[in-house]
Amino acid sequence: REYKTKVDKLGFGGDLEEIIGTAYLAATYLEEVGFDKSKKVYVVGSTGITQELDDVGIQYLPIGPDTSIETRDLGSLGDVELDPHVYAVIAAMDLHISFTKLLKAA
């Protein structure tokens, strides 16, 4: 959907069904391989990904800044809690990228 808005603003036109982006491909891939929809996806990215996951009924953790650790003390990184229901990660451009997010994604 975000790409559709962008191409319209640029004057290219086209229908939503004709625009295939990586967020769509990631969500479609998870659906096609039978991703267990009772599990969650950790998204390092933006709303474009979460919109596509919504379309196929896949749950995900909230996106945006991760404030679970607000210190620069590397010793506290061992305190990062991982959600045991996350079984996949989708990574893309994230304006709120942090070491904590990278640690959770790994």
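Hydrogens, waters and symmetry mates are skipped; everything else that's a heavy atom, side chains included, is used. Position 1 is the first residue of the sequence; numbering continues from there. None of these values were measured; they are calculated from a predicted model.
Cluster partners of Ile63, using a side-chain heavy-atom cutoff of under 4.5 Å among ILVMFWY residues and allowing indirect links, are Tyr29, Leu30, Val33, Phe35, Val41, Val43, Ile49, Leu53, Val56, Ile58, Tyr60, Tyr87, Ile90. Other members of the cluster containing Leu95 are Met93, with ILVMFWY side chains joined at under 4.5 Å, either directly or via other members.
In this structure, Ala23 and Gly48 approach most closely via the heavy-atom pair CB-O, 3.7 Å.
Partners of Thr47 by side chain to side chain donor-acceptor pair (under 3.5 Å), not counting sequence neighbours, listed by chain and number: Glu2. By the salt bridge (Lys or Arg N to Asp or Glu O under 4.0 Å) test, Asp36 is found to be paired with no residue, residues two or more places apart in sequence or in another chain being considered. Scanning for side chain to side chain donor-acceptor pair (under 3.5 Å) contacts around His96 gives an empty result, with sequence neighbours left out. Not counting sequence neighbours, the partners of Lys37 by the salt bridge (Lys or Arg N to Asp or Glu O under 4.0 Å) test are Glu31.
The salt bridge (charged side-chain N to carboxylate O under 4.0 Å, His left out) contacts involving residues 82-95 comprise Lys40-Asp83, Asp94-Lys101, where partners must be two or more places apart or lie in separate chains.
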Using distance only, find each side-chain donor-acceptor pair of residues 5-22 under 3.5 Å and give its atom names and separation, not counting sequence neighbours.
from  : atom 1 : to    : atom 2 : distance (Å)
Thr5  : OG1    : Arg1  : O      : 3.3
Asp8  : OD1    : Lys4  : NZ     : 2.9
Asp8  : OD2    : Lys4  : NZ     : 3.3
Glu18 : OE1    : Asp15 : N      : 2.7

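At least one side-chain heavy atom of Lys104 sits less than 4.5 Å from a side-chain heavy atom of Leu82.
Under the 4.5 Å side-chain contact rule for hydrophobic residues, Val80 and Leu61 do not share a cluster.
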